[in-house]
Structure formats: structure tokens, C-alpha cells
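Structure first, commentary second.
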Protein chains: 2
Amino acid sequence: MILTEKHKELIERIGVFHEHKGMQPLVGRIIGLLLVHEEGEVSFDEIVENLGVSKSAVSNALTFLQAKGRCVYSTRPGDRKRYFAMKVSDWREDFEKELENIAEIQKFIDEVLEVRTNKNPEFNCRMRDFSDFLGFFKKEIPALFDRFKKQQV
Amino acid sequence: MILTEKHKELIERIGVFHEHKGMQPLVGRIIGLLLVHEEGEVSFDEIVENLGVSKSAVSNALTFLQAKGRCVYSTRPGDRKRYFAMKVSDWREDFEKELENIAEIQKFIDEVLEVRTNKNPEFNCRMRDFSDFLGFFKKEIPALFDRFKKQQV
DNA sequence: TTATTGGTTCTGTATTTGCAGAACTAACTG
DNA sequence: CAGTTAGTTCTGCAAATACAGAACCAATAA
């Protein structure tokens, strides 16, 4: 597949987006390429060529993405190449994990509340309030998915 | 205020947590200190002493936190020092922003779908599904806050 | 006025990051 | 067997990061 300027520009923006999320630049670009690529399956050297980077960099980035469970590869009979693809399949699971990860701050807030004295009750009260909300939020996540299913038809 | 080992250890863990979120180490430690500190208001040089870092580093980190709207300072009559505190007050707003930020990936997914051909309809279908969910999710956020308020009594 | 306090800005640097390039391995091919 | 292909691992380096230290500034105090 040959990439148009529009493709390249979109890949670039998806890359930057993921960089801001803490990933290294190339990892973000690869995510972009795998998403934009027609077949959704891209060979190792197609990545190397399209992104203009070294094999070692691609190898490391793909190892990382696989370790994080965000990408997989498949092989084809009589072809030693590996074809890499995003695991969009379980976006539900991924998204759930990301939400729970956000709510992880609750753990710290609760620990902070245990350690704090009563010298600033207003501060404590607000933190308790926030912690309560995070607990509520976590509980509500499954229901959210259910409601989505229902209204989807 | 004198910090116990428990305080220091908690500050450290809160620091690492924020580092993983992409912030620079000292910024994370300062967040920890401001949360753990009894009064919730900490002077510039208390930060310098307790964290054992230079004035310049603290100055830059505080400028950053203020720019991000995560911390503020207040002064006291007849006292030139600045007392810094976290803005736990509007956690609601912050949290809402963070959720919307997550959902921002929808924008990219939609752009990707526009660019993609129909060579891999299953892939496209899943992405469309994910995009739909993200749209649903964004719409549901305000209702989530409302329900929290109600069940809170 | 000079001295002190509270904080900022500038300059330099040790550490870390992100990648290139080469050497390497493992599997297939002729 | 030697040669090729597909990818990995190792070594090194340019650039970015995160901070220290010193110079600096602005406001108050003496």
C-alpha cells in the first residue's frame, strides 16, 4: 500500500497524540500506521520503509506494543514475514483498564487522608468527597457498558 | 511541620505515580508534599528543605503546576512568603477534563475511518463500534456527575 | 543608603532517551 | 554445505531532560 500525504499527516498527528500520553515517538507513529493501513496488517519492513527508521528501532517498538497487549502479529503459510496489527478487537477491555487506571488515584487519596491530621478540615473534606466520587465512578463503569449495549440495537 | 518516614514514603509513591503520567519527577514530589502536609499550605523554602532540591528547580516546578491550574499560592499580611496549595477544590472539573481528553481519541478514529478503504470491513466495523462507544461515553459524563450528587444525600 | 529576604532567570552539566548501525541469530533455500 | 531472509540484540551517540549553582531582581528592613 502506498501512503498519500493525507495518510502521512494523519499518522503524524496520531503519533504526537500518543507521545503526549507518554509513549516514545516511534511507538505512536507505528500505532498510526497500523490504524491507517488498508489491510490493517503491516509487515515489518513496510513499517521500516514507510516510517523511514531503522530495523532495531522498529523491533524494539513492536516488542513494547506487544508487551502492552496493544498489537499482535500473524504469519501466513509459506511466508516467513510477520504481519502486525492493532488489537482494536478488545477496545472495550482496554478502555475499561484505562478508566480504572485513572481511578487509581483514589488509592493515594485514601492513604493521604489516613495520614493527615484535622488541622485543615475543609481540605480533608474535599479530598474525601473526591475519593467518594472515584469509588462511585469505578462502580458505575460496568453499568455504563451495559447501557451502551442496550441503546446500540 | 516535620515529616515522618511514612509521610516521605507516601510522597515518594505519589511522585512516581505522577512521573508515570508524564510529569517531571520533582513536580510529582511537590504534589505529594502539598497533599500530605497538614495545613495543605506549604512555603517555598519548606518545599526546598523537605525535598532537598534547589530553589531554581522548585521555582520552575511551581510555575508549571500553576500554569496547569493544579496549584495556587496565597500570601499572609506582613509575610512576604508564598504559601502553595493544591487546588483540590475543583477536582470535579479536572476529572471531567481528563475524561474528555481520553475520549479525544474518537476524533482520530473518525479521521482514520474516513481515510480507510473497505478492504478490511471487520477492522472498520470494530473501529466504528469503538467510536460509537466513545461518543456515547462523552454524552454520559454529565449524567454520571448528576447521579453521584443524588446518591450522595 | 546598604543589607536581607524571597524568589526568578540564566548557564552549565550529569543523566536519560530514542534511535542508527553493525553484529548477530535462527530459519529457510539452493 | 554456503547463502539469503527476517528479525533481534548490542554498542554508541546526538539530543532532550531535569536539575544545581550562581547571578540576578524586587520588596522590605535597618
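Owing to the predicted nature of the structure, the values given are computational and were not obtained by experimental measurement. Naming convention: chains lettered A, B, ... in sequence-line order (proteins, then strands); numbering from 1 in each chain.
Inspection of the Gln152(B) and Asp129(A) side chains reveals an N or O donor paired with an N or O acceptor under 3.5 Å.
Note: CZ (Phe64(B)) to P (dT9(C)) measures 16 Å, nearest angstrom. As a whole-Å value, the separation of Lys55(B) NZ from dA20(D) P is 13 Å. Here the C1' atom of nucleotide dA6(D) and the OH atom of Tyr73(A) are 11 Å apart, to the nearest Å. Rounded to whole Å, the distance from CG on Asp79(A) to P on dT5(D) is 13 Å. Atom-to-atom, CZ of Phe44(B) to C1' of dC25(D) comes out at 14 Å; the value is rounded to the nearest Å. A straight line from CD1 of Ile47(A) to C1' of dA6(D) spans 13 Å, rounded to a whole angstrom. dC19(D) atom P lies 10 Å from atom CG of Leu51(B), rounded to whole Å. The CG-P distance, from Asp45(A) to dT8(D), rounds to 12 Å in whole Å.
For dT5(D), the base has a donor-acceptor partner in the side chain of Arg80(A) [N/O atoms by modelled type, under 3.5 angstrom].
Salt-bridge formation is not detected for the pair Lys97(B)/Glu100(B): no Lys NZ or Arg NE/NH1/NH2 atom is positioned less than 4.0 Å from an Asp or Glu carboxylate oxygen. Remark: Arg92(B) does not engage Glu96(B) in a salt bridge, criterion side-chain N to carboxylate O under 4.0 Å. Look at Lys87(B) and Glu93(B) and you find no salt bridge, because none of the NZ, NE, NH1 or NH2 atoms lies under 4.0 Å from a carboxylate O. Ionic pairing of Arg29(B) and Glu19(B) is present here: one or more N-O contacts between side-chain nitrogen and carboxylate oxygen are shorter than 4.0 angstrom.
For Gln24(A), a side-chain nitrogen or oxygen approaches OP1 or OP2 of dG18(C) to under 4.0 Å. Note on Arg82(B): a side-chain N or O is less than 4.0 Å away from OP1 or OP2 of dT8(C).
Within the nucleic acid shown, Leu26(B) comes within 4.0 Å of sugar-phosphate atoms alone, with no base atom in reach, counting heavy atoms only. At the heavy-atom level, Lys81(B) lies under 4.0 Å from the strands shown only through sugar-phosphate atoms. Val53(A) comes within 4.0 angstrom of sugar-phosphate atoms only, judged by non-hydrogen atoms across all strands, and of no base.
When each of dA22(C), dG7(C), dG21(D) is scored by its nearest atom to the side-chain atoms of Ser56(B), the top-ranked nucleotide is dG21(D). Side chain of Ser54(B), nearest nucleotide from dT8(C), dA20(D), dA18(D): dA20(D).
Residue order along DNA chain D, read from the 5' end via each residue's closest nucleotide, puts Asn60(A) first among Pro25(B) and Asn60(A).
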